[in-house]
Amino acid sequence: MDGEADGGAPGAQLPANGGAAGDGANSLGPRASLLMSLSLALLLGALSALVMFPAAEHLRSLQGGERAQATLHTAGSCMAGQCEVKFEAGGRILVADLPVGSGGGRQSVGAAMTVRYQADDPRVVARDADVGGGGAALLAWMSGGAALLFLTLSGVAAIFLARQRRTWFR
């Protein structure tokens with residue numbers, strides 16, 4: 001070898017602090033973390049305000065609905081509104097989607113459950129265990145709290161940026 005250390009490229013040197021080459025190269029700058037925190041705050045706030053709170057209210061609106069015995073017809077992510085139930089209402093057998101915020105996602109197809117539906121529109125249905133709005137309300141509060149956390153983090157990043165700019169212009 002020509003006096004080079006094994007495994008290093010010609011002319012490559014480690015930083016003076018003894019760390020690995022590229023320390024800090026993968027960290028986000030204050031502007032990027034500000035933008036990311038603001039984006040996450042907006043997304044989580046929108047999820048909470050536009051999806052989960054209305055889902056909880058919809059579930060609560062079915063508290064006075066007609067009760068029927070049903071079976072899980074299609075399993076999936078019930079919290080995301082991808083489950084269907086099969087039940088009898090008004091002498092007809094219906095298959096209806098469970099709304100966003102429903103529980104019961106770990107049940108297998110054919111599992112028995114009690115549902116509530118609107119008498120004037122039996123396709124509007126929810127599991128009897130969900131009509132309190134609990135799961136959807138919990139997710140709404142959690143995503144709202146996370147939105148506030150990221151909003152606070154973006155405020156801290158903005159203060160950091162403002163202080164950093166002041167020191168640059170002195």
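We use all heavy atoms of the structure for the numbers below, so side chains are in, but hydrogens, waters and symmetry mates are not.
Linking ILVMFWY side-chain heavy atoms closer than 4.5 Å, directly or via other members, places L59 and V124 in two distinct hydrophobic clusters. Under the 4.5 Å side-chain heavy-atom criterion for Ile, Leu, Val, Met, Phe, Trp and Tyr, V85 and L94 are members of the same hydrophobic cluster.
The line from CG of L98 to CG of D130 is 7.5 Å long, rounded to the nearest 0.5 Å. The CG atom of L47 lies 10.5 Å from the CE atom of M142; values are rounded to the nearest 0.5 Å. One finds the CH2 atom of W141 at 13.5 Å from the CE atom of M52 (value rounded to the nearest 0.5 Å). Between E84 atom CD and L72 atom CG the span is 9.0 Å, to the nearest 0.5 Å. In this structure, the separation between CZ on R123 and CD on Q118 is 10.5 Å, given to the nearest 0.5 Å. Taken from CG in D128 to CE in M113, the straight-line distance is 11.0 Å, to the nearest 0.5 Å.
The minimum heavy-atom distance linking A49 with P54 is given by the pair O-CD, 3.4 Å. In this structure, V125 and L62 approach most closely via the heavy-atom pair C-CD1, 3.8 Å. The heavy-atom pair separating P122 from R92 by the smallest distance is CG-NH2, 3.9 Å.
Residues passing the side chain to side chain donor-acceptor pair (under 3.5 Å) test with D120, sequence neighbours excluded: none. Listed by chain and residue number, nothing satisfies the side chain to side chain donor-acceptor pair (under 3.5 Å) test with S39 (two or more places apart in sequence, or in another chain). With sequence neighbours excluded, the residues satisfying ring pair (Phe, Tyr, Trp, His ring centres under 6.0 Å) with F87 are Y117.
Of the possible donor and acceptor atoms, one in the side chain of T152 sits under 3.5 Å from a partner among the backbone N and O of L148. Between the side chain of S143 and the backbone N or O of A140, at least one donor-acceptor pair lies under 3.5 Å.
The shortest distance between side-chain heavy atoms of L151 and L38 falls below 4.5 Å. Taking the side chain as every heavy atom from C-beta outward, R127 and C83 never approach each other to under 4.5 Å. Taking the side chain as every heavy atom from C-beta outward, Q69 and T114 approach each other to under 4.5 Å.
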